[in-house]
Protein chains: 2
Amino acid sequence: MINYTDTLREHKLKATPQRIAIVDALLLNGHMSTESLYSIMLAKFSSISLATIYKNINLMLENSLIYEVKLPHAKSVYELTKSSHSHLLCKKCGNIEDVAIDLEALVDKISKITEFQIDKTDFVLSGNCKNCH
Amino acid sequence: MINYTDTLREHKLKATPQRIAIVDALLLNGHMSTESLYSIMLAKFSSISLATIYKNINLMLENSLIYEVKLPHAKSVYELTKSSHSHLLCKKCGNIEDVAIDLEALVDKISKITEFQIDKTDFVLSGNCKNCH
DNA sequence: TACATAAAGAATAATCTTTATCTATTAAGT
DNA sequence: ACTTAATAGATAAAGATTATTCTTTATGTA
């Protein structure tokens, strides 16, 4: 297991073994719901409390270490914060993939038309993945 | 109040006064959360049960009469189903606007690159609206 | 390296939020 | 008008999230 002590401290979070394991799990699995995270964590910390999962997810959200991805017809999943990207969701197998889509020109255009100052996008594309056609 | 009896029946739902009022409220307000819908409904039906709101929202979702819009950092809102569109969310005042963005070419491109069969998009653009600059 | 202290973890209670159950009422077809 | 299946309301139950309390621990400092 890699050590994420510094990453956590950079985000003003104490580097506890539980938190290191959360970051590790997210890095390994990409996107996780609270319940899948809890079950993964239970394997490493047999007496971990569900409240610890929620508390840390909220703290990490507040400190922008992680990001919440809201999915249609599914529970939210969490991912480590990275450069802006969109998400592909397979409606059959539930798999989630990151995809880099350059939306800048489009967003600029919309911004002008609507007079909205847009600074963030959440874009989820749903369908069937390669293996689920 | 317009009568949405036929709209409801077309979606295989009995046209009860409560349901007509829900459709009416959504048409009037555009996007509503469960709680705002409940408080609006209470004004018309002083003894309406919150369970009735949830039950009807779920039925209307199943019958595609309404659609759930999941927003970053906010509760879901519901809207009457209409042709595909994206959403603008003002982070300051919370206002939500529909915006028609033609994503077809973009989605086609992504579909080819990723080998995903994409048939739906959920696109929320967040920022500050005209009045909140 | 040990110490002090603020923060975090575990256990569990409390608070939402949503769904299920049960009975009386009602929409809709005949 | 009558019948019947579906719905509304009341409320309990279940599920999800947050708060509380006490014990343990990470981290800065001597």
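Chain letters run A, B, ... following the sequence lines, proteins first, then strands; residues in each count from 1. Just so it is clear, the structure is predicted and the values come from calculations on it, not from any experiment.
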For the pair made of [atom1] in [X] and [atom2] in [N], what is the distance, rounded to whole Å?
X	N	atom1	atom2	answer
A/Y78	D/dA16	OH	P	12 Å
B/L42	D/dA10	CG	P	10 Å
A/I48	C/dT12	CD1	P	16 Å
A/F45	C/dA10	CZ	P	8 Å
B/R19	C/dT25	CZ	C1'	14 Å
B/K14	D/dG9	NZ	P	14 Å
A/M41	C/dA10	CE	P	8 Å
A/L50	D/dA16	CG	C1'	8 Å

Starting at the 5' end of DNA chain C, which residue's closest nucleotide do you reach first, B/K55 or B/A15?
B/K55
Comparing A/L13 and B/S49 on DNA chain C - which has the more 5′ nearest nucleotide:
A/L13
Test side-chain hydrogen bond (donor to acceptor under 3.5 Å, both in side chains) applied to A/S84 - qualifying residues, sequence neighbours left out
none
B/K82 NZ: over 12 foreign heavy atoms closer than 6.0 Å:
yes
Hey, does the side chain of [X] come within less than 4.0 Å of [N]'s phosphate (OP1/OP2), counting only N and O?
X	N	result
A/T16	C/dG9	yes
A/R9	D/dT27	yes
B/Q18	C/dT26	no

Among residues at least two apart in sequence or on other chains, which ones pass side-chain contact (heavy atoms from CB on, under 4.5 Å) with A/L37?
A/I22, A/A25, A/M32, A/M41, A/I53, A/I57
Taking for B/A51 and for B/K12 the nucleotide of DNA chain D with the nearest heavy atom, the one nearer the 5' end belongs to B/K12
Side-chain donor-acceptor pairs of residues 99-113 of chain B under 3.5 Å, sequence neighbours excluded:
residue, atom, partner, partner atom, Å
B/D102, OD1, B/E104, N, 3.1
B/S111, OG, B/F116, O, 2.4

For B/H87, check ring pair (Phe, Tyr, Trp, His ring centres under 6.0 Å) against everything at least two apart and list the hits.
B/H31, B/H85
For A/S36 and A/S33, test the side chains for any donor-to-acceptor distance below 3.5 angstrom and give the result as yes or no.
yes
Which ones in residues 56-75 of chain A lie close to DNA chain D, meaning a heavy atom under 4.0 Å from one of its atoms?
A/N58, A/K75
Joining Ile, Leu, Val, Met, Phe, Trp and Tyr whenever any side-chain heavy atoms lie under 4.5 Å apart, the cluster holding B/Y67 also takes in B/V69, B/L71, B/V77, B/L89, B/I96, B/V124
